[in-house]
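Written out below as structure tokens is the structure these notes cover.
Residue numbers start from 1 in every chain, and the chains themselves are labelled A, B, ... in the order their sequence lines are given, proteins ahead of strands.
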Number of protein chains: 2
Amino acid sequence: MGDWVSDDYVMASYLVHQQAGDFYKKAQGIAVGLTVGSWTDLPAERQEQMKKHLGQVVSVEELGEDEAGNRKAILQIGYPVCNFTAEIPALLTTVFGKLSMDGMIKLVDLQFPESFVKQFPGPKYGIEGIRQRLGVYDRPLLMSIFKSCIGYETKTLAELFYQQAIGGVDLVKDDEIFFDDTYAPFERRIEACAKEAERAYSVTGKKVLYAANLTGPVTEIVEKAKRAVEAGASALLLNVLAYGYDVLHRLAGDPAVTVPIMAHPALSGAVYPAPQYGIRASVLLGKLMRMAGADFVLYPSAYGSVAMERTETLAIADELRMDAFALKRSFPVPSAGIHPALVPQLYEDLGNDQIVNAGGGIHGHPDGSAAGGRAFVAAIEAVLKGRTLAEAATESDELAKALQLWGGK
Amino acid sequence: MGDWVSDDYVMASYLVHQQAGDFYKKAQGIAVGLTVGSWTDLPAERQEQMKKHLGQVVSVEELGEDEAGNRKAILQIGYPVCNFTAEIPALLTTVFGKLSMDGMIKLVDLQFPESFVKQFPGPKYGIEGIRQRLGVYDRPLLMSIFKSCIGYETKTLAELFYQQAIGGVDLVKDDEIFFDDTYAPFERRIEACAKEAERAYSVTGKKVLYAANLTGPVTEIVEKAKRAVEAGASALLLNVLAYGYDVLHRLAGDPAVTVPIMAHPALSGAVYPAPQYGIRASVLLGKLMRMAGADFVLYPSAYGSVAMERTETLAIADELRMDAFALKRSFPVPSAGIHPALVPQLYEDLGNDQIVNAGGGIHGHPDGSAAGGRAFVAAIEAVLKGRTLAEAATESDELAKALQLWGGK
Ligand SMILES: [Mg+2]
Ligand SMILES: [Mg+2]
């Protein structure tokens with residue numbers, strides 16, 4: 001999480017576009033307006049008392065003009081940590097609450113002192129803890145997404161789980177849009193999938209985690225997570241932007257929630273893509289997700305159907321895995337449109353500590369989901385051995401068929 | 001909330017910009033991909049079972065090109081209500097979760113069947129209930145914002161509350177960035193301000209509500225709200241985007257939280273302003289806030305320092321006040337940079353059922369906060385009587401000074 005400026009301030013960086021006006025004055029207005037409200041009006045004695053609550057302009061860097069003739073600048077503002085509490089809603093309201101509505105402004109970075117970060121749970125297991133649970137240390141993990149969940153009964157989902165598990169995947173996740181589980185109630189399907197995981201283990205010798213979609217009223221969601229654990233859950237999926245970062249924080253911070261938590265990026269596209277507004281993806285899906293406690297974070301890969309700039313995907317992964325005081329590291333999960341032919345590129349980008357995650361790239365395999373999983377397993381093995389996929393395909397019929405369908409290198 | 005298409009579907013409208021590609025095909029991909037996942041692959045028997053879960057393309061309307069040569073269209077998709085649960089996180093994840101990341105797409109409208117809306121609390125008091133509490137039926141309400149809260153002790157805040165109350169305002173609200181309340185603990189300052197409200201009442205004969213900023217872990221926030229009620233709270237302020245719509249839903253849905261809830265728009269500017277991305281303000285701050293239970297909704301006025309297009313501010317107010325099945329109506333609170341000279345324009349826009357809300361426009365009055373309140377009271381009275389502010393200023397020294405400072409019409 002970069003350079004830490006001061007023990008007493010959270011530093012926020014903003015990209016500002018504006019037609020006219022002095023950037024330094026704007027920065028001053030932010031530093032004062034979003035902390036003590038006004039400064040020059042205050043009597044000298046009061047100023048002394050309020051000094052520690054006053055925001056600071058750290059830097060103003062002009063960046064020239066955009067195509068529309070707007071001037072651009074990066075403003076860095078320090079917010080006294082003592083002004084707010086160590087919760088993402090308090091942090092975001094302070095640094096980008098009212099400010100988000102104030103013209104063309106985008107929050108592009110946050111830097112925190114150790115004392116602040118310490119108050120967040122971070123991932124409970126992190127990359128190392130999850131590897132221990134799976135007994136897999138030396139390769140990227142492989143995850144499969146249920147093709148669809150809505151409308152299926154527990155029995156069918158359990159069968160579909162088994163088909164994915166015997167293909168050799170390490171994790172299976174629910175569809176993030178799985179809310180109405182009338183046919184496959186949450187705890188019932190957790191029990192059923194846990195059984196199928198054991199059944200697959202007896203065949204493959206490989207453990208498989210099941211990330212069940214955690215939903216429901218925020219007032220009950222932590223208790224529901226605990227019931228999931230009692231039912232044999234091995235992981236939980238959460239739509240963090242929809243439910244709020246603080247729900248993730250409370251799940252990660254609760255010692256009774258003894259399973260890793262997978263953060264889905266649903267809704268984040270309403271916030272990160274605009275160049276002049278919103279919050280940068282590496283903050284939203286990287287830094288904040290990790291602090292709040294995501295063990296895994298899904299985000300759009302640069303290669304699939306839902307594209308994000310490659311530099312931005314790498315920035316997210318950086319935030320999830322870099323040294324950041326005592327925080328455990330989170331697994332990056334580049335997602336959407338991933339098929340076996342992309343494995344070499346994914347590996348080149350992120351190496352071992354990532355999750356190769358596929359839905360259509362597994363279920364769309366001509367020989368079904370289990371074969372789809374095996375094609376990925378073969379692709380990952382090949383890359384680890386420094387072989388080309390084409391070479392590996394001579395020994396794996398599943399990989400050969402996958403490459404034929406999705407186009408190898 | 002407009003035209004309702006069907007009892008069984010939530011209808012979402014999207015503004016899509018794209019370089020190339022068939023809009024109808026895109027719409028089809030959304031309708032299928034975000035509901036049952038795939039359709040043509042399913043066996044006929046399965047299709048029969050899944051039919052009720054399948055999304056529907058309602059309409060595709062091409063809108064020509066934007067300046068950058070992108071083609072534009074409005075896509076309307078119907079999502080089966082039975083696919084999700086009646087909670088804002090489930091709704092938003094379904095209609096704009098993954099989709100938000102899929103190119104240049106903005107969620108611009110949502111329409112709901114009555115059966116769905118019925119499952120949401122809506123405002124517990126609404127415009128009528130709040131008017132009853134205050135005993136004020138025939139004019140816009142007036143609200144004052146604490147100039148600053150951070151770093152002040154309970155005693156000082158209580159005094160500042162009194163100064164605002166005797167100016168004749170109907171409500172006083174905390175600063176939304178008031179999180180660290182070491183010097184003025186939440187319940188203590190609620191008690192203190194309740195006392196000051198009584199003291200002011202004995203002078204003015206007018207009731208005053210105090211909207212205290214409700215913060216803290218989402219797992220404890222409803223209990224904290226109940227403690228606030230026991231301490232004598234008369235209203236609560238919530239940063240809804242930061243804490244999550246479901247927190248608002250649970251507060252409004254809890255019969256023990258017997259005070260109106262004021263929704264602050266903090267962070268919403270990260271979502272609504274970009275033309276090609278995000279969620280339209282009238283959905284975010286209008287429709288969803290009301291369904292989830294906001295009695296009051298703050299949003300940027302078209303006239304102040306933090307500007308929003310006038311048509312969009314009117315669209316928000318429409319959503320908050322239009323007939324929408326059994327939902328009570330929410331008070332629109334156009335905010336930021338409001339001063340007495342703007343009252344005629346605000347009244348022309350929204351009439352009686354609004355809250356005139358000012359911070360600097362009250363505290364910046366040359367004779368202080370109480371005089372600032374009285375200037376607004378005089379301005380509102382003038383407008384109701386069909387008088388110009390200049391006329392009214394001849395009888396109100398406070399208004400005269402306010403107009404001199406901020407420029408009347
Ligand atoms: Mg999905
Ligand atoms: Mg404020």
Query raised in the report: Which atoms of Tyr299(B) come close to chain A, meaning under 4.5 Å heavy atom to heavy atom: side chain ones, backbone ones, both, or neither?
Result: neither
Report task. Go through the structure and list residues passing side chain to side chain donor-acceptor pair (under 3.5 Å) with His53(A), not counting sequence neighbours. Result -> Asn83(A)
Query raised in the report: Considering only heavy atoms, which portion of Val222(B) lies under 4.5 Å from any heavy atom of chain A: side chain, backbone, both, or neither?
Result: side chain
Report task. Check each atom of Cys82(A) against the heavy atoms of chain B and say whether the ones under 4.5 Å are side chain, backbone, both or neither. Result -> backbone
Query - Presence of salt bridge, Asp254(A) and Arg250(A), under 4.0 angstrom - result: no
**Report entry** Atom group of Leu42(B) that falls short of 4.5 Å from chain A, counting heavy atoms
**Finding:** side chain
Query - Part of Asp246(B) within contact of chain A (heavy atom distance under 4.5 Å) - result: both
Requested in this report: Count the heavy-atom pairs under 4.5 Å between each of Val271(A), Leu298(A), Leu99(A) and chain B, then report the option with the highest count.
Outcome: Val271(A)
Query raised in the report: Of the listed residues (Asn239(A), Ile150(A), Thr182(A)), which shares the most heavy-atom pairs with chain B below a 4.5 Å separation?
Result: Ile150(A)
Query raised in the report: When heavy-atom pairs shorter than 4.5 Å are enumerated against chain A, which of Gly151(B), Pro275(B), Gly360(B), Ser268(B) gives the highest number?
Result: Gly151(B)
Query - Segment of Thr215(B) engaging chain A (4.5 angstrom heavy-atom cut-off) - result: neither
Requested in this report: Can you tell which part of Lys52(B) gets under 4.5 Å to a heavy atom of chain A, answering side chain, backbone, both or neither?
Outcome: side chain
Query raised in the report: Which region of Tyr79(B), side chain (C-beta onward) or backbone (N, CA, C, O), has a non-hydrogen atom less than 4.5 Å from a non-hydrogen atom of chain A, or is it both or neither?
Result: neither
Query raised in the report: Who are the ring-ring contact (aromatic ring centres under 6.0 Å, His included) partners of His365(B), not counting sequence neighbours?
Result: none
Query raised in the report: According to the interplanar angle, ranging from 0 to 90°, do the rings of His249(B) and Phe120(B) count as parallel (below 30°), tilted (30 to 60°) or perpendicular (above 60°)?
Result: tilted
Query raised in the report: Do Val108(A) and Ile279(A) pass the side chain to side chain contact (heavy atoms under 4.5 Å, CB included) test, and can you show the C-alpha distance, the side-chain angles, and the key distance before you say yes or no?
Result: CA-CA 6 Å; Val108(A) 294; Ile279(A) 302 174; over 6 Å; no
Requested in this report: Please state whether the side chain, the backbone, both or neither of Ser38(B) comes within less than 4.5 Å of a heavy atom of chain A.
Outcome: side chain
Requested in this report: Could you tell me which of Ala274(A), Gly244(A), Gly278(A), Pro273(A) has the largest number of non-hydrogen atom pairs under 4.5 Å with chain B?
Outcome: Pro273(A)
Query raised in the report: Does any heavy atom of chain A fall under 4.5 Å from the side chain of Gln276(B), the backbone, both, or neither of them?
Result: neither
Report summary line: Here the pair of heavy atoms bringing Ser100(B) nearest to Gly269(A) is OG-N, 3.0 Å
Requested in this report: Look at Lys147(A) together with Asp41(B) and state whether they make a salt bridge at an N to O cut-off of under 4.0 Å.
Outcome: yes
Requested in this report: Could you tell me whether the side chain of Glu48(A) and the main chain of Lys51(A) form a donor-acceptor pair under 3.5 Å?
Outcome: no
**Report entry** Closest contact, heavy atoms only, Val95(B) versus Tyr14(B)
**Finding:** O-OH, 2.5 Å
Report task. May I ask you to name which of Gly37(A), Ala90(A), Pro80(A) has the most heavy-atom pairs under 4.5 Å with chain B? Result -> Ala90(A)
Query raised in the report: Is Ser335(B) reaching over with its side chain to a backbone N or O of Asn357(B), donor-acceptor style, under 3.5 angstrom?
Result: no
